Structures are given as structure tokens and as C-alpha cells.
Amino acid sequence: MGGIAAVVVAVVVAATVLVCEAKQQAARALFVFGDSLVDSGNNNYLLTTARADSPPYGLDYPTHRATGRFSNGLNVPDIISEYLGADSVLPYLSPHLDGAKLLHGANFASAGVGILNDTGIQFANIIRIEKQLRYFQQYQDRVRWLIGGAAARRLVEGALVLITLGGNDFVNNYYLVPFSARSREFALPDYVRYIIAEYSKVLRQLYDMGARRVLVTGSGPLGCAPAELATRSATGECDAELQRAAALYNPQLVRMTRELNEQLGADVFVAVNAYRMHMDFISDPAAYGFATSKVACCGQGPYNGVGLCTAMSSICPDRSLYVFWDNFHPTERANRIIVSQFMSGSPDYMHPFNLSTILAMDAAAAP
């Protein structure tokens with residue numbers, strides 16, 4: 001009887017592996033690293049104030065429930081998954097990320113984090129980027145156990161990776177308070193060079209861990225967020241100092257990714273010009289069907305930019321008319337326009353290739 005049982009177990013395990021490998025081949029895996037722009041709910045499992053797990057967040061999500069996404073609905077990773085023909089990848093801390101679901105990828109992002117470890121200290125328990133990378137290694141160990149080392153390596157090397165960092169290193173570090181520790185330590189141009197150098201180390205670690213197609217987003221127009229209009233702008237115009245920070249940071253990020261690619265001899269890193277993507281509809285919201293790019297849909301105070309989006313906040317009746325959902329984060333509709341530029345944007349938006357080109361190239365090169 002024991003021998004029969006062992007055979008049955010072996011057959012079940014083999015069948016599970018075959019099913020897992022079939023699902024793996026059905027859609028490319030996606031791995032997500034970064035901050036609240038791409039966090040899909042990891043912070044729900046942490047004792048932190050940086051969370052979006054209460055209404056009205058998720059108002060337009062398919063379940064109409066708050067999921068931990070800083071959005072009224074879907075965020076950028078969700079919409080990229082749609083283009084890949086895959087389900088949204090689960091947060092790494094989700095107890096549901098197990099078995100075959102591991103083979104779709106994982107989201108390691110955590111609201112509040114930055115490139116630097118001292119960014120976001122006011123939020124207490126968040127998954128800093130070093131820990132996100134440790135979780136990625138842990139994830140790979142779990143997948144190796146599930147499908148074997150060679151298949152796990154193919155899954156990771158064939159995956160698409162999205163990383164979004166940098167904005168918090170300005171708004172939740174350098175400019176968090178007047179005369180912050182970092183602003184006393186560095187003049188702004190020196191600070192930008194410092195965080196770019198640190199970001200380069202993060203990207204090199206991702207490469208060393210198997211990542212071969214990495215979308216690297218720059219910061220948006222930081223001075224134009226409703227939170228900054230409410231606290232730093234007397235006229236409703238984008239704050240010049242924060243805009244200067246973004247204008248220094250983004251071109252250097254593009255240059256850094258180009259240099260990394262040259263060192264590696266391959267187009268591993270793709271620079272995503274999030275600043276330009278956002279500024280298109282901030283500069284001319286009507287051209288994109290928006291009523292406003294200044295006032296957040298959910299919030300309070302000037303421009304709905306003061307404090308958090310809560311059940312006590314005023315909420316716009318039609319989210320599709322607003323660029324910003326809360327004081328910092330885009331609406332689902334704005335996210336969809338941004339991802340459309342990921343897919344088909346010119347080299348001014350996506351360098352050296354847009355995502356449609358990457359997917360076509362990789363499909364053609366597949367055995």
C-alpha cells in the first residue's frame with residue numbers, strides 16, 4: 001500500500017509541475033519593485049501609516065473594495081498585466097501567492113520607499129528596496145523548489161520587470177521638512193547624482209539576480225501634484241523647486257540606464273520618461289478629456305491636496321475627468337494613458353524601445 005501511495009504522490013507532483021509549467025508559458029511573468037505608484041497591497045500586511053486599504057480607495061476596482069492600491073481602480077502594473085494577457089500579480093506578502101500563482105510573478109513594491117534607506121522613515125514599517133531584493137531572492141528559492149532550477153531561471157530571465165523609485169527621495173526625504181538632513185548634506189545637483197549612483201547599484205543587483213528586461217521609471221512632475229500645489233504654490237502653478245529636482249533627476253536616470261546597458265552589452269534597462277507622460281496631460285488636460293489636472297478627486301483643502309484620502313473626504317462623481325485620484329497618485333484613467341505610452345511611445349518616452357517593440361523582439365527571439 002505504501003508503494004502505491006508513493007507512486008500516486010509522485011504522479012500528482014509531476015502533474016502539478018506540468019500544469020505549473022503550462023501556465024508559466026501561457027503568459028510572461030511580471031515582477032514589480034518600488035513605491036506607492038506600483039504597490040498592489042504589500043503594505044496591508046505591515047504596521048505602517050502608508051496604506052490604502054480603506055474606502056474610498058478601490059472605488060472603481062472590479063470588486064469595488066480597497067485593495068492597498070493607491071488608486072480608485074487599477075494601477076500601472078495591473079494595466080501592464082492586461083497587455084501581457086495575464087492576471088494581476090499578487091503582492092509578495094499575500095498569503096494567496098503560492099503554488100502555480102508564483103509562476104505569474106510577484107509584486108514586491110511598498111508605499112513610502114525610495115532609493116535611499118532613510119527615505120520614508122516617517123512611515124515606520126515599509127519594505128525598503130534592499131528588502132524587496134531579498135524577497136526576490138526568497139521568491140526564486142520558492143520557485144526553484146516548485147519547478148526546478150533550470151525552469152526557475154528561465155522564468156526569471158524571461159520575465160518583464162518594472163521598477164519605480166525616486167519620487168519619495170525628494171518629497172519624503174530631501175524636501176520633507178525645511179532644512180532636512182539630506183538638504184543640509186547635499187546641494188540639490190549633488191543629491192541627484194548621489195541617488196542616481198545608488199539607483200545604479202540597485203539595478204545592477206536586479207541584473208545579477210536574473211532580470212533581463214527592466215522598465216525603469218523616472219519621477220513624474222513632482223511639483224504639480226495636488227499635495228504640492230496645496231502646500232507650496234500660491235498661484236496654482238507647479239512648484240518650481242520640485243520641478244527643478246525632477247528635471248535634474250530624469251535625464252541623469254536615462255543616461256545611467258544607457259551606461260549600464262553599454263557595460264552589459266545588452267538592452268536590459270529601458271528608461272521610462274514618466275515626467276513627460278504626466279506633463280502631457282498636466283499641461284493640456286482637455287486634450288486628453290480631463291476637466292482638471294490640479295484638483296485631486298479625493299481629498300480636502302486646497303486642490304483636495306491636504307492630508308489623506310479618507311471616507312470623510314469629498315469625492316468627485318466622475319473619476320474619468322480627473323488626472324489625480326488623491327493628493328499624489330493618478331486615477332485609473334490617467335494610468336491607462338501612461339501605460340499606452342509604455343506600449344507605443346516614441347524614444348522620447350521609452351528609451352531605447354517601447355514595450356510593444358520589446359514584446360515583439362522577444363517573441364521573435366524565443367526558441
Side-chain angles (χ1 to χ4, degrees), residues 4-34 38-46 53 58 61-63 65-69 73-110 127 131-164 206 209-215 339 355 358-359 362-363 365-367:
I4 294 172
V7 170
V8 170
V9 168
V11 170
V12 168
V13 169
T16 301
V17 169
L18 287 172
V19 169
C20 288
E21 289 187 325
K23 289 189 175 184
Q24 172 193 336
Q25 291 165 5
R28 191 172 193 169
L30 175 66
F31 299 111
V32 183
F33 301 86
V38 292
D39 183 356
S40 295
N42 279 309
N43 282 20
N44 294 358
Y45 304 97
L46 304 171
D53 58 345
Y61 192 74
T63 61
R65 293 184 178 179
T67 62
R69 291 165 173 80
L74 302 182
N75 63 11
V76 164
D78 295 321
I79 300 163
I80 290 175
S81 290
E82 285 184 359
Y83 278 100
L84 295 177
D87 294 334
S88 295
V89 292
L90 292 173
Y92 186 67
L93 298 185
S94 168
H96 303 294
L97 184 65
D98 206 357
K101 290 181 180 176
L102 280 166
L103 305 184
H104 299 307
N107 187 321
F108 303 92
S110 177
I127 312 170
K131 191 166 188 180
Q132 290 184 32
L133 294 175
R134 288 201 300 274
Y135 279 152
F136 187 36
Q137 188 60 61
Q138 186 183 86
Y139 164 90
Q140 293 189 44
D141 293 340
R142 293 170 66 186
V143 172
R144 272 192 291 272
W145 183 88
L146 190 65
I147 60 174
R153 186 169 59 254
R154 286 196 301 272
L155 184 149
V156 171
E157 291 183 353
L160 189 68
V161 179
L162 172 68
I163 183 165
T164 298
L206 272 176
M209 296 172 79
R212 293 296 180 268
R213 286 294 191 195
V214 186
L215 306 178
V339 176
L355 186 48
I358 290 167
L359 296 177
D362 291 351

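For clarity, every value in this text was computed on a predicted model and none was experimentally measured.
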With [X] via side chain to side chain contact (heavy atoms under 4.5 Å, CB included) - residues at least two apart:
X      : value
Ala66  : Tyr57
Asp87  : none
Tyr45  : Leu93, Ser94, Pro95
Gln137 : Gln140, Asp141, Arg144, Met209

**OP:** Show your working on side-chain contact (heavy atoms from CB on, under 4.5 Å) between Leu146 and Leu103 and close with a plain yes or no.
**Re:** CA-CA 9 Å; Leu146 190 65; Leu103 305 184; 4.0 Å; yes

Below 4.5 Å, heavy atoms only, C-beta onward: do [X] and [Y] meet side chain to side chain?
X      : Y      : answer
Leu355 : Leu160 : yes
Leu90  : His104 : no
Ile127 : Phe33  : no

Smallest separation among heavy atoms of [X] and [Y], with atom names:
X      : Y      : value
Pro77  : Leu162 : CG-CD2, 4.0 Å
Ala109 : Val38  : CB-CG2, 3.7 Å
Ala211 : Val156 : N-CG1, 4.3 Å
Pro91  : Ser40  : CG-O, 3.5 Å
Leu74  : Asp78  : CA-OD2, 3.5 Å

Original post:
Can you name the residues that form a salt bridge (Lys or Arg N to Asp or Glu O under 4.0 Å) with Arg142, not counting sequence neighbours?
Top reply: Asp98

Subject >> Pairing residues for Glu157 by the salt bridge (Lys or Arg N to Asp or Glu O under 4.0 Å) criterion, not counting sequence neighbours >> reply: none

Counterpart residues, side-chain hydrogen bond (donor to acceptor under 3.5 Å, both in side chains), relative to [X] (two or more places apart):
X      : result
Asn42  : none
Arg213 : Asp362
Ser81  : none
Asp39  : none

**OP:** Kindly compute the distance separating CD1 (Ile80) from CZ (Arg28), expressed to the nearest 0.5 Å.
**Re:**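 Between atom CD1 of Ile80 and atom CZ of Arg28 there are 11.5 Å.
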
Subject >> Straight-line distance of Leu133 CG to Gln138 CD, nearest 0.5 Å >> reply: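 Reported value, rounded in 0.5 Å steps: 12.5 Å.
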
Subject >> Side-chain donor/acceptor of Tyr139 to backbone N/O of Leu102, under 3.5 Å >> reply: yes

Subject >> Side-chain donor/acceptor of Asn43 to backbone N/O of Leu46, under 3.5 Å >> reply: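 Looks like no, no N/O pair under 3.5 Å.
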
Subject >> Residue pairs passing the ring-ring contact (aromatic ring centres under 6.0 Å, His included) test where at least one lies in residues 73-95, sequence neighbours excluded >> reply: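 Sorted result for residues 73-95: Tyr92-Phe108, Tyr92-Tyr135.
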
Original post:
What's the verdict on side-chain contact (heavy atoms from CB on, under 4.5 Å) for Val161 and Leu215, showing C-alpha distance, side-chain angles and the deciding distance?
Top reply: CA-CA 6 Å; Val161 179; Leu215 306 178; over 6 Å; no

